[in-house]
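Encoded as structure tokens, the structure appears first; notes follow it.
In this chain, residues are counted from 1 in sequence order.
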Amino acid sequence: MKARMDFHGNAIGAKHVKYLVSAGQALLATSLPKATMELVALRISQINGCGFCADMHTKDAAHAGETPVRLNLVATWREATVFSDAERAALELAEQGTRIADAAGGVSDAAWADAAQHYDEDQLVALVSTITLMNALNRLNVMIQQPAGDYQPGQFG
């Protein structure tokens with residue numbers, strides 16, 4: 001498989017991706033646990049069918065010490081016992097924030113309240129920002145059909 005275009009080879013595309021990556025780097029300075037960010041990024045990528053991002057976040061999470069069991073169960077987190085209540089709240093918010101078109105009301109008040117119970121305001125900002133950023137990156141990679149499998153942990157900083 002080959003990407004439809006070399007987005008990074010285009011001046012506008014490269015600048016756009018640079019700013020998106022920079023936005024993601026800013027989130028690393030927050031107190032939202034890195035493990036939560038990776039689990040959320042992986043789940044969103046699974047929902048959106050973004051193989052490149054699923055590959056990247058699986059490998060980055062494993063490289064950071066995430067267990068294979070938790071990574072393998074992200075897609076079925078509701079039935080898994082390996083996630084904390086806070087992680088479950090983050091995954092629910094991520095799913096509802098990703099599947100906005102599937103629910104007439106968008107993100108439910110219950111999902112928001114559950115997340116707010118586990119995360120402070122700065123962490124919620126980081127969580128919402130992670131969700132929106134991942135959805136943008138997923139859509140970019142799915143449209144250009146960026147192939148998956150060759151990512152190396154830490155490749156983008």
Give, for atom CG of Leu124 and atom CG of Leu93, the distance between the pair rounded to the nearest 0.5 Å.
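Leu124 CG to Leu93 CG: 7.5 Å, rounded to 0.5 Å.
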Can you tell me if [X] uses its side chain to pair, donor with acceptor, with the backbone of [Y] under 3.5 Å?
X      : Y      : result
Asn135 : Ile131 : yes
Lys59  : Tyr151 : yes
Arg43  : Leu39  : no
Glu95  : Ile44  : no
Thr30  : Leu27  : yes

Residues in side-chain contact (heavy atoms from CB on, under 4.5 Å) contact with [X], at least two apart in sequence or another chain:
X      : result
Lys18  : none
Ile144 : Met5, Phe7, Leu140, Asn141, Gln146
Ala80  : Leu73, Val82, Phe83
Ala62  : Leu71

Heavy-atom distance under 4.5 Å between the side chains of Met134 and Val40, does that happen here?
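Result no, sub-4.5 Å side-chain heavy-atom pair not found.
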Do Glu38 and Leu42 have side chains that approach each other closer than 4.5 Å (heavy atoms only, starting at C-beta)?
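Glu38 vs Leu42: side chains apart.
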My understanding is that only residues two or more places apart in sequence, or in another chain, count here; which of them pass salt bridge (Lys or Arg N to Asp or Glu O under 4.0 Å) with Arg88?
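None.
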For the residue pair Ala54 and Ser45, what are the closest heavy atoms and their distance?
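Heavy atoms only, the tightest pair is N-CB, 3.6 Å.
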Residue pairs passing the side-chain hydrogen bond (donor to acceptor under 3.5 Å, both in side chains) test where at least one lies in residues 119-134, sequence neighbours excluded:
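Passing the test, one end in residues 119-134: Ser31-Gln123.
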Using only heavy-atom distances, determine whether the side chains of Trp77 and Glu87 contain a donor-acceptor pair under 3.5 Å.
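Glu87 and Trp77 do not have a side-chain donor-acceptor pair below 3.5 Å.
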Side chain to side chain contact (heavy atoms under 4.5 Å, CB included) assessment of Glu92 paired with Asp114
CA-CA 9 Å; Glu92 180 65 33; Asp114 193 22; 5.7 Å; no
